[in-house]
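I have placed the structure first, in the form of structure tokens, so that the comments after it can refer back to it.
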Amino acid sequence: MALEQDQFIEQVVELADHQETLAVCGHHDEHLRYLSGALGARIVPRGNILKIIGSPEPVGKTRTVLEEMLTTLRRRGSLKRRDIKQLVMLLSQESPEAFEGLWQGAVRVPSRKKIIKPMSPRQADYLKAIQETDVVFGIGPAGTGKTYLAMAMAVASLEQGEVNRIILARPAVEAGESLGFLPGDMLEKVNPYLRPLYDALYDMMEPERVHRYMDQGTLEVAPLAFMRGRTLNDSFIVLDEAQNTTQEQMKMFLTRLGFDSKTVITGDVTQVDLPRGRKSGLVEAEEILRGIDGIRFVYFTRDDVVRHPLVQQIIDAYERLNVDREMTER
């Protein structure tokens with residue numbers, strides 16, 4: 001049944017200037033059209049004023065998102081379509097109060113003059129855990145920001161003088177091809193496995209700075225096997241794709257931690273590529289280390305995915321497939 005006119009309310013969001021108006025409205029008001037379709041309120045731009053018209057709940061939600069868009073724009077200096085979609089998705093999953101405190105956990109990366117903001121309460125909890133704890137496990141599906149946020153914290157810690165070096169590691173698990181038959185020396189053979197770490201680094205630091213740090217030994221990107229026999233003091237260490245560590249490798253890695261160091265272990269226990277019959281070191285660590293003071297486990301879900309919206313649907317489809325297989329096997 002259509003709402004009567006007197007059931008409509010009108011609220012206003014004021015923008016600072018023409019540039020801010022362009023950023024919030026988007027090209028040909030595309031951001032406003034998206035918000036109207038997603039939240040159900042009409043948005044009418046009038047100069048630097050946005051009028052929000054509709055029933056109370058959609059109007060309130062729309063104003064909340066618009067105000068958070070303004071906060072993002074003013075603090076970070078930019079506003080992207082994916083930021084807006086993420087805000088709408090977060091609002092649909094949580095209450096409006098879910099936005100509160102997200103900026104408190106923002107990570108400043110001086111070299112790129114970037115501010116990396118958690119996009120969900122769970123991401124904010126993860127960053128807080130890294131700040132407060134020496135060993136943090138981030139476990140959950142791809143696209144939830146586990147590794148990216150950990151690396152942002154590592155870069156910020158280095159540039160603020162809290163650690164002397166960053167070490168990024170990944171297990172090199174053969175996925176259908178044998179490392180021995182790949183061309184080049186050992187580093188060239190494992191480089192494809194480390195590529196995602198380099199990609200994230202270049203997003204946070206200028207390439208020249210990355211190369212200079214690597215030449216100086218301040219920054220190291222290496223296969224997990226290269227950690228054996230070392231003690232890592234004054235370091236920020238990130239182990240990515242930890243579900244593909246063996247039990248022995250995980251124990252070896254965790255015992256490398258030295259004084260004034262911090263380590264973050266990330267992985268997805270549903271994506272283990274180890275040979276059949278080998279138990280994941282991440283799965284075992286989850287079982288035996290939970291409850292130890294100084295070690296935190298943060299669990300991500302599909303609701304924390306910050307990639308293309310289809311990634312969430314893909315994760316859901318595979319989860320349904322796994323449930324069907326388990327029921328069939330029973």
Legend entry - Verdict with reasoning, Arg256 to Ile237, per side-chain contact (heavy atoms from CB on, under 4.5 Å): CA-CA 10 Å; Arg256 300 308 94 199; Ile237 312 129; over 6 Å; no
Inset, instruction - Apply the test side-chain contact (heavy atoms from CB on, under 4.5 Å) to residues Glu248 and Lys251: give CA-CA distance (whole Å), side-chain angles for both, the deciding distance (0.1 Å), then the verdict. - result: CA-CA 5 Å; Glu248 298 80 10; Lys251 179 182 177 182; 5.9 Å; no
Legend entry - Trace of the side-chain contact (heavy atoms from CB on, under 4.5 Å) decision for Thr62 with Gln11: CA-CA 10 Å; Thr62 302; Gln11 293 188 9; over 6 Å; no
Please report the shortest heavy-atom distance between [X] and [Y], naming the atom on each side.
| X | Y | result |
| --- | --- | --- |
| Pro141 | Lys146 | O-NZ, 2.9 Å |
| Gln243 | Leu274 | O-CD1, 4.0 Å |
| Phe300 | Gly138 | CE1-CA, 4.1 Å |
| Val264 | Ala150 | CG1-CB, 3.7 Å |
| Ile52 | Ala41 | CG2-CB, 3.9 Å |
| Ser55 | Phe8 | N-CD1, 4.2 Å |

Same cluster (ILVMFWY, side-chain, under 4.5 Å), [X] and [Y]:
| X | Y | result |
| --- | --- | --- |
| Leu35 | Ile9 | yes |
| Tyr202 | Leu158 | yes |
| Val59 | Ile49 | no |
| Val163 | Met214 | yes |
| Leu22 | Ile43 | no |

Atom [atom1] of [X] and atom [atom2] of [Y]: how far apart are they, to the nearest 0.5 Å?
| X | Y | atom1 | atom2 | result |
| --- | --- | --- | --- | --- |
| Leu289 | Arg296 | CG | CZ | 14.5 Å |
| Met153 | Gln160 | CE | CD | 8.5 Å |
| His18 | Thr21 | NE2 | OG1 | 7.5 Å |
| Thr245 | Arg278 | OG1 | CZ | 10.0 Å |
| Asp83 | Arg81 | CG | CZ | 11.5 Å |
| Ile166 | Ser235 | CD1 | OG | 9.5 Å |

Inset, instruction - Quick one: do Glu57 and Lys61 satisfy salt bridge (Lys or Arg N to Asp or Glu O under 4.0 Å)? Show the steps, please. - result: CA-CA 6 Å; Glu57 184 177 354; Lys61 288 184 175 181; 3.3 Å; yes
Side-chain touch [X]/[Y], heavy atoms, less than 4.5 angstrom:
| X | Y | answer |
| --- | --- | --- |
| Tyr126 | Leu149 | yes |
| Leu219 | Leu201 | yes |
| Leu168 | Asp240 | no |
| Asp268 | Leu282 | no |
| Ile265 | Val135 | yes |
| Leu239 | Pro171 | yes |
| Leu50 | Cys25 | yes |
| Met250 | Glu284 | no |

Inset, instruction - Sequence neighbours left out, what passes ring-ring contact (aromatic ring centres under 6.0 Å, His included) with Phe297? Give chain and number order. - result: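 So Phe297 forms a ring-ring contact (aromatic ring centres under 6.0 Å, His included) with Phe137.
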NZ/NE/NH1/NH2 to OD/OE distance under 4.0 Å, [X] and [Y]:
| X | Y | result |
| --- | --- | --- |
| Arg42 | Glu10 | no |
| Arg170 | Glu241 | yes |
| Glu67 | Arg63 | yes |

Inset, instruction - Before giving the answer on salt bridge (Lys or Arg N to Asp or Glu O under 4.0 Å), spell out for Arg74 and Glu20 the whole-Å C-alpha distance, their side-chain angles and the decisive distance to 0.1 Å. - result: CA-CA 9 Å; Arg74 289 168 181 173; Glu20 196 167 89; 2.7 Å; yes
Inset, instruction - Using the side-chain contact (heavy atoms from CB on, under 4.5 Å) rule, take Arg33 and Glu30 through it: C-alpha gap first, then chi angles, then the decisive distance, then the call. - result: CA-CA 5 Å; Arg33 288 198 303 275; Glu30 63 174 343; 3.8 Å; yes
Using modelled atom types and a 3.5 Å cut-off, is there a donor and acceptor pairing between side-chain atoms of [X] and backbone atoms of [Y]?
| X | Y | result |
| --- | --- | --- |
| Asn244 | Asp273 | yes |
| Asn233 | Phe259 | yes |
| Lys262 | Ile130 | yes |
| Ser261 | Leu232 | yes |

Does [X], at its [atom1] atom, have more than 12 non-hydrogen atoms belonging to other residues, nucleotides or ligands within less than 6.0 Å?
| X | atom1 | value |
| --- | --- | --- |
| Glu14 | CD | no |
| Arg212 | CZ | yes |
| Lys80 | NZ | no |

Legend entry - Those residues that, when tested against Glu162, pass salt bridge (Lys or Arg N to Asp or Glu O under 4.0 Å) (two or more places apart):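 By the salt bridge (Lys or Arg N to Asp or Glu O under 4.0 Å) rule, Glu162 matches no residue at all.
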Legend entry - No-hydrogen, no-angle side-chain donor-acceptor test under 3.5 Å, Tyr318 and Gln271: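 On atom types as modelled, these side chains do not qualify, holding no pair under 3.5 Å.
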